Amino acid sequence: MPTTSLSQPDAPSPLRDGRFLALLLASIGLFAGFSLLVSVVPLWVVRNGGGEFAAGASTGVFMATTVLAQLLMTGLVRRFGYRAMSIAGALLIGVPVPLLALSTTWQPVLAISGVRGLGFGIVTVCGSALIAELLPAGSLGRGSGLYGLAVGVPLLVCLPASTAIAEYAGFTPVFAAGFAFPLLAVAPMVVLPHGQRDEPAHDQQATAAAALVWRPWLPMLAGSIAFGAMVTFLPLVFSDIPVLGSAALLLMSATALSGRWLAGMWGDRAATPGRLLLAGLAAVAAGLLGFAAGSGIATTAAMIVAAGCVAVYGAGFGVVQNDSLVLMFARVSPAHASVAWNVAFDAGQGAGAVAVGAVVATTSYPVAFGALGVLALAMLPVSAAARHGK
């Protein structure tokens, strides 16, 4: 099945679509509510005597129910529509948060995290799918890039801010904000479309064509596996120079945001979608291999080089995020594409943290991250085939 051309130079800016603007506004609130508690909930568990295992389990349960919800979303969207499911997801993310303040043992926290994970799985699929539901084909690249900014900026700001607030002002302000932001996101959701733009016949054709989605899906998975490993282990790799670890995390987030946005801006001018996927994955591989080499040398200069390689990885992964999603939109219905893309993102993050932890336990960080770089290199032929529609 050949790749559909998405290039329409005269397509209007996505920012001229009122419903798309509402989606961006809602996404900012949802991801602010999510990112405020990503690191704070495990910290709350530890402060209440739950231990590191229980703290990690709170994140693990959240991600497990996130992926579960994502896998169920194609049928749920067809039955209930985007608007109702988005509102339900926002409520599931925000409403249970005050219960965290009442939970002084880890077991209730796991249950609350599971409920919130279901909500997050719902809104991530709805948000990505609505890019293609709301915008014409020639605006999908820019729309994906702008959506990436809407979900990425809250992560960039709220992740570091939340732990600082919890440390210096207490957990209550963080819990209050984590409750309020998702509920505020409900207001712009009322203008989102109820149902899907695609007719059932088209959706059946999309399901039949789903075999082609694996080509952009695998590069996305390779990038997200590395992302999960980076987020989990960067502070430990740079434990002797903590400020460099924080700077590397900030650089990775900032370059990933920029890479995704710029790929979207350029992508709508291309003759075919996904033209930057191969280059993006090559940058992912180069960044990971450079980081692996630098992290194996115990000098400040080598660590600075390693931090720079993290930025290269981030920029490449931002490009991979954008172009893999646009390629999936060209092959299957928006709902199917969104489910596949989000499962690759979230399941990959969890797998990366677990896999690298297991490898590091028996070898070293350079070996583990070097293996991730080799994995990205192995996906380069798949990326080349994906962008040509093969």
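The model shown is predicted, which means the values in this text are computed figures rather than measured ones. Residue numbers count from 1 along this sequence.
F120 and F31 have their aromatic ring centers within a separation under 6.0 angstrom. Between F345 and F317, the distance from one ring center to the other falls under 6.0 angstrom.
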Practice prompt. Begin with the C-alpha distance, continue with both residues' side-chain angles, and end with the deciding distance and a verdict on salt bridge (charged side-chain N to carboxylate O under 4.0 Å, His left out) for E167 and R47.
Written response: CA-CA 11 Å; E167 291 287 356; R47 293 293 170 84; 2.8 Å; yes
Practice prompt. Show your working on side chain to side chain donor-acceptor pair (under 3.5 Å) between T104 and N48 and close with a plain yes or no.
Written response: CA-CA 6 Å; T104 56; N48 283 282; 5.3 Å; no
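Remark: side-chain polar atoms of S224 are not paired, donor with acceptor, to backbone N or O of F227 under 3.5 angstrom. Checking side-chain atoms of R215 against main-chain N and O of S383 turns up no donor-acceptor pair under 3.5 Å. A donor-acceptor pair under 3.5 Å is absent between the side-chain atoms of S128 and the main chain of S338, judged by distance alone. Here the side chain of S103 pairs no donor or acceptor atom with the backbone of T105 at under 3.5 angstrom. Side chain of S295 to backbone of A292: a donor-acceptor contact under 3.5 angstrom is found. A donor-acceptor pair under 3.5 Å is formed between the side chain of T363 and the backbone N or O of V359. Proximity of a side-chain donor or acceptor of S27 to a complementary backbone N or O of V151 within less than 3.5 Å is not detected. The backbone N or O of A340 lies less than 3.5 Å from a partner atom in the side chain of W217, making a donor-acceptor pair. Distance alone, capped at 3.5 Å, is enough to place a donor-acceptor pair between the T255 side chain and the A311 backbone.
By the criterion of side-chain heavy atoms lying less than 4.5 angstrom apart, applied directly or through intervening Ile, Leu, Val, Met, Phe, Trp or Tyr residues, V367 is not grouped with L375; the two fall into different hydrophobic clusters. Connection of V157 to Y168 is not established within any shared hydrophobic cluster, with ILVMFWY side chains joined at heavy-atom distances below 4.5 Å, either directly or through further cluster members.
The only member of L327, V326, L325 that meets side-chain contact (heavy atoms from CB on, under 4.5 Å) when paired with W341 is L325.
Distance check: L251 CG to C309 SG gives 11.5 Å after rounding to the nearest 0.5 Å. Rounding to the nearest 0.5 Å places CG of L372 at 11.5 Å from CG of L377. Once rounded to the nearest 0.5 Å, the distance linking CH2 of W44 with CZ of F171 reads 6.5 Å. For the atom pair CE of M252 and CG of L234, the computed distance is 5.5 Å after rounding to the nearest 0.5 Å. The CD atom of Q321 sits 11.0 Å away from the OH atom of Y147 when rounded to the nearest 0.5 Å.
Clustering of Ile, Leu, Val, Met, Phe, Trp and Tyr by side-chain heavy atoms under 4.5 Å joins V190 with V191.
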Can you give each donor-acceptor pair under 3.5 Å made by side-chain atoms of residues 62-71, sequence neighbours left out, with the distance rounded to 0.1 Å?
residue, atom, partner, partner atom, Å
T65, OG1, V61, O, 3.1
T65, OG1, F62, O, 3.1
T65, OG1, G114, O, 2.9
T66, OG1, F62, O, 2.8
T66, OG1, G117, O, 3.1
Q70, NE2, T124, OG1, 3.0
Q70, NE2, D346, OD2, 2.5

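Side chains of L99 and P108 form no contact here, defined as non-hydrogen atoms less than 4.5 Å apart. Two residues are said to be in side-chain contact when any heavy atoms from C-beta on lie closer than 4.5 Å; M73 and I122 meet this criterion.
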